[in-house]
Amino acid sequence: MSPFVSGPVTVVTPASSANLGPGYDALGLGLGLYDEVTAEVVHGTGLDVTVEGVGADDVPRDESHLVVRALRAVFDEAGLDQPGLRVHCLNRIPHARGLGSSSAAIVGGISAARALLTATAPGTIAPPGAVTIDDARALQLATRIEGHPDNVAAALLGGLTIAWDDGARTRAVRLEVQASVVPFVPPDGVSTEGARGLLPNHVPHADAARNAGRAALLVAAFDGRPELLLDATEDALHQAYRAPAMPASYALVQELRAEGVPAIISGAGPTVLAFATDTYDAAPLLGRAPEGWAALPLEIAAQGAHRA
């Protein structure tokens, strides 16, 4: 029996915002903006990749494409010979903007591969000795490819995620949250590597302690205490250090926060994420986008990557 299902499978994967202010490399939030991956195992060993939507003119169509790399990683993990593949990507998540586009590609590829495996396809029973790729194993693979777990955990699980490394593996828990957010997306991107390169090797103990307290408070704020969001999203570890790479984004964060709006740099930036509250709901926030920026009112993704 073939280890693969017959015909194409389609999965959707949410955008994500990491850090959320104080939760550096640990907290992630799934956002209601989705990329789609359709994959099919075909005869032979070839590869056919098509892409439409955001970044379609800039991404590769070969084995270096992140979705393909993730698909192949799952098949290697399962101990399978690499099959021929037909892959189509429909991209909606802006690239290089701090909204988890690379994590969505990685998790989308992993999820499509899981759906293609007979042993893990919905409604099937794994035969004895079959390799199954559960969420825990998918998170390990995604983190290995991405290099850090915050965005991939949110893309895989949705909701609010807290990810950590226990010394042997990466783990994550998911919390159900209700919130509305408005990402302000600038026209030009910033590379994650470049943004990380601006961070110091050491930070003051007081700043680390302050961030630990704010990160804990942020979990409480999401758990039915939205009035705490402004204090809870305060950061002392990374946003100010990255300001030279995204001065307009940092200025917008400072401006919004001075007016009482919980606002952060999303991930490595340069997108600014504002949380809608009773004082500032999503509608008036939309008008705060600087000229040339896009404002995207979004809900929290109730699901992580899943079959379409």
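What you see is a predicted model; the values in this text were computed from it and never measured. Note: hydrogens, waters and symmetry copies are ignored here, and every other heavy atom, side chains too, is used.
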Undergrad: Report the C-alpha separation of R196 and D25 in whole Å, then their side-chain angles, then the decisive distance to 0.1 Å, and conclude whether the side chain to side chain contact (heavy atoms under 4.5 Å, CB included) test is met.
TA: CA-CA 11 Å; R196 281 183 175 269; D25 273 6; 2.8 Å; yes
Undergrad: Within a radius of less than 6.0 Å around CZ of R225, do more than 12 heavy atoms belonging to other residues, nucleotides or ligands occur?
TA: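 Check fails, neighbour count at 12 or below.
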Undergrad: Measuring from atom CG of L156 to atom OG1 of T161, what distance do you get when rounded to the nearest 0.5 angstrom?
TA: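 Reported to 0.5 Å precision, the distance equals 9.0 Å.
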Undergrad: Looking at CZ of R61 and NE2 of H65, how far apart are the two atoms once the value is rounded to the nearest 0.5 Å?
TA: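 It comes to 7.0 Å.
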Undergrad: Would you tabulate the side-chain donor-acceptor contacts of residues 94-105 under 3.5 Å, counting partners in other chains and residues two or more places apart, or write 'none'?
TA:
residue: R97; atom: NE; partner: P186; partner atom: O; Å: 2.9
residue: R97; atom: NH1; partner: H95; partner atom: O; Å: 2.7
residue: R97; atom: NH2; partner: P187; partner atom: O; Å: 2.5
residue: S102; atom: OG; partner: E146; partner atom: OE1; Å: 3.3
residue: S102; atom: OG; partner: E146; partner atom: OE2; Å: 3.2
residue: S103; atom: OG; partner: E146; partner atom: OE2; Å: 3.0

Undergrad: Can you name the closest pair of heavy atoms from L47 and D62 and give their distance?
TA: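 Closest pair (atom of L47, atom of D62, distance): CD2-C, 3.6 Å.
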Undergrad: Grab the two heavy atoms, one from V54 and one from I93, that are nearest each other, plus how far apart they are.
TA: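 Nearest heavy atoms, V54 then I93: CG1-O, 3.5 Å.
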Undergrad: Roughly how far apart are Y241 OH and L199 CG, rounded to 0.5 Å?
TA: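 Answer for the OH-CG pair, Y241 versus L199, is 8.5 Å.
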Undergrad: I'd like to know whether R69 forms a salt bridge (Lys or Arg N to Asp or Glu O under 4.0 Å) with D76, so could you lay out the CA-CA distance, the side-chain angles of the two residues, the decisive distance to 0.1 Å, and finally the verdict.
TA: CA-CA 10 Å; R69 286 172 53 196; D76 282 341; over 6 Å; no
Undergrad: Report, as yes or no, whether the 6.0 Å neighbourhood of atom CD on Q178 holds more than 12 heavy atoms from other residues, nucleotides or ligands.
TA: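 Open.
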Undergrad: Could you check whether any side-chain heavy atom of D150 comes within less than 4.5 Å of a side-chain heavy atom of Y24, counting everything from C-beta outward?
TA: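 A side-chain contact is absent here, since even the closest heavy-atom pair is not under 4.5 Å.
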Undergrad: Cut-off 3.5 Å, side chains only: do E40 and H88 have a donor facing an acceptor?
TA: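 Their side chains do not contain a donor-acceptor pair, so the 3.5 Å distance test is not met.
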Undergrad: Would you please classify the geometry between the F75 ring and the F4 ring as parallel, tilted or perpendicular, with 30° and 60° separating the classes?
TA: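 Geometry flag for F75 against F4: perpendicular rings.
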Undergrad: How far does OG of S16 sit from CG of L27, to the nearest 0.5 angstrom?
TA: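 Answer rounded to 0.5 Å: 12.5 Å.
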Undergrad: Quick one, R288 with E255, criterion side chain to side chain contact (heavy atoms under 4.5 Å, CB included). Give me CA distance, side-chain angles, the key distance, then yes/no.
TA: CA-CA 10 Å; R288 300 300 304 275; E255 179 184 322; 2.6 Å; yes
Undergrad: Return the CZ to CG distance between F275 and L230, rounded to the nearest 0.5 Å.
TA: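 Rounded to the nearest 0.5 Å, the CZ-CG separation comes out at 11.5 Å.
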Undergrad: Can you list, pair by pair, the side-chain donor-acceptor contacts under 3.5 Å of residues 213-223, counting residues two or more places apart and other chains?
TA:
residue: R214; atom: NE; partner: D231; partner atom: O; Å: 3.0
residue: R214; atom: NE; partner: E234; partner atom: OE1; Å: 3.0
residue: R214; atom: NH2; partner: E234; partner atom: OE1; Å: 2.8

Undergrad: Once rounded to the nearest 0.5 Å, what's the spacing between atom OG of S249 and atom CD1 of I264?
TA: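 Reported value, rounded in 0.5 Å steps: 12.0 Å.
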Undergrad: Do the side chain of H306 and the main chain of G304 share a donor and acceptor less than 3.5 angstrom apart?
TA: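 Answer holds: yes.
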Undergrad: I'd like to know if the side chain of N211 and the backbone of P22 have a donor-acceptor N/O pair within less than 3.5 Å.
TA: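 The answer is yes, because a donor-acceptor pair under 3.5 Å joins these two groups.
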Undergrad: Please report the shortest heavy-atom distance between V182 and P297, naming the atom on each side.
TA: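 Closest heavy-atom pair between V182 and P297: CG2-CA, 4.4 Å.
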Undergrad: Check whether any side-chain heavy atom of I145 lies under 4.5 Å from a side-chain heavy atom of L66, and answer yes or no.
TA: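 Counting from C-beta outward, I145 and L66 do come under 4.5 Å.
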Undergrad: Go through it in stages, so that I can follow the logic: the residues are L85 and R72, the test is side chain to side chain contact (heavy atoms under 4.5 Å, CB included), and I'd like the CA-CA distance, side-chain angles, deciding distance and then a yes or no.
TA: CA-CA 10 Å; L85 288 172; R72 299 292 195 200; 3.5 Å; yes
Undergrad: State which residues pass side chain to side chain contact (heavy atoms under 4.5 Å, CB included) with S191; sequence neighbours excluded, sorted by chain then number.
TA: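 Result, side chain to side chain contact (heavy atoms under 4.5 Å, CB included) vs S191: E193.
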Undergrad: Does the N19 side chain pair with the main chain of G21, one donor and one acceptor, at a distance under 3.5 Å?
TA: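 No; judged by distance alone, with no hydrogens or angles, the pair does not exist.
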Undergrad: Would you say R242 and I265 make side-chain contact, with heavy atoms under 4.5 Å?
TA: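 The answer is no; the side chains never approach within 4.5 Å.
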Undergrad: For R92, is there any backbone N or O sitting under 3.5 Å from a side-chain donor or acceptor partner on D35?
TA: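 Present.
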Undergrad: Given T13 and V37, is the side chain to side chain contact (heavy atoms under 4.5 Å, CB included) satisfied, shown in steps?
TA: CA-CA 8 Å; T13 308; V37 172; 5.8 Å; no
Undergrad: Looking only at heavy atoms, what is the nearest atom pair of L31 and P14, with distance?
TA: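 Minimum heavy-atom contact is O-CB, 3.3 Å.
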Undergrad: For R257, is there an ion pair with D235 - N to carboxylate O distance below 4.0 angstrom?
TA: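 Salt bridge absent between D235 and R257.
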Undergrad: Answer yes or no: is there a side-chain heavy-atom contact under 4.5 Å between T10 and P8?
TA: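 When only atoms from C-beta onward are counted, P8 and T10 do not touch, as no gap falls below 4.5 Å.
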Undergrad: Give a yes or no on whether the backbone of G32 and the side-chain of E299 come within a donor-acceptor separation of less than 3.5 Å.
TA: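 Not at all, since once roles are kept as given, no pair shorter than 3.5 Å links the two residues.
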Undergrad: L296 and L20: same hydrophobic cluster, using ILVMFWY side-chain contacts below 4.5 Å?
TA: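 L296 and L20: one cluster.
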Undergrad: Just wondering, do L29 and V177 contact through their side chains at under 4.5 Å, heavy atoms?
TA: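 A side-chain contact exists here, since the closest heavy-atom pair is under 4.5 Å.
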Undergrad: State, without any angle test, whether S266 and T271 hold a side-chain donor-acceptor pair at a distance under 3.5 Å.
TA: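 Side-chain D/A pair, S266 to T271: absent.
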Undergrad: Over all heavy atoms of both residues, which pair between A263 and T233 is shortest? Give the atoms and the distance, please.
TA: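 Result for this residue pair: N-OG1, 4.4 Å.
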Undergrad: Within the structure provided, determine whether P290 and L252 are in side-chain contact (heavy-atom separation under 4.5 Å).
TA: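 In short, these two side chains touch, coming nearer than 4.5 Å.
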Undergrad: If you look at every heavy atom in M246 and A195, which pair is closest and at what distance?
TA: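 Closest approach of M246 to A195, heavy atoms only: CE-CB, 4.4 Å.
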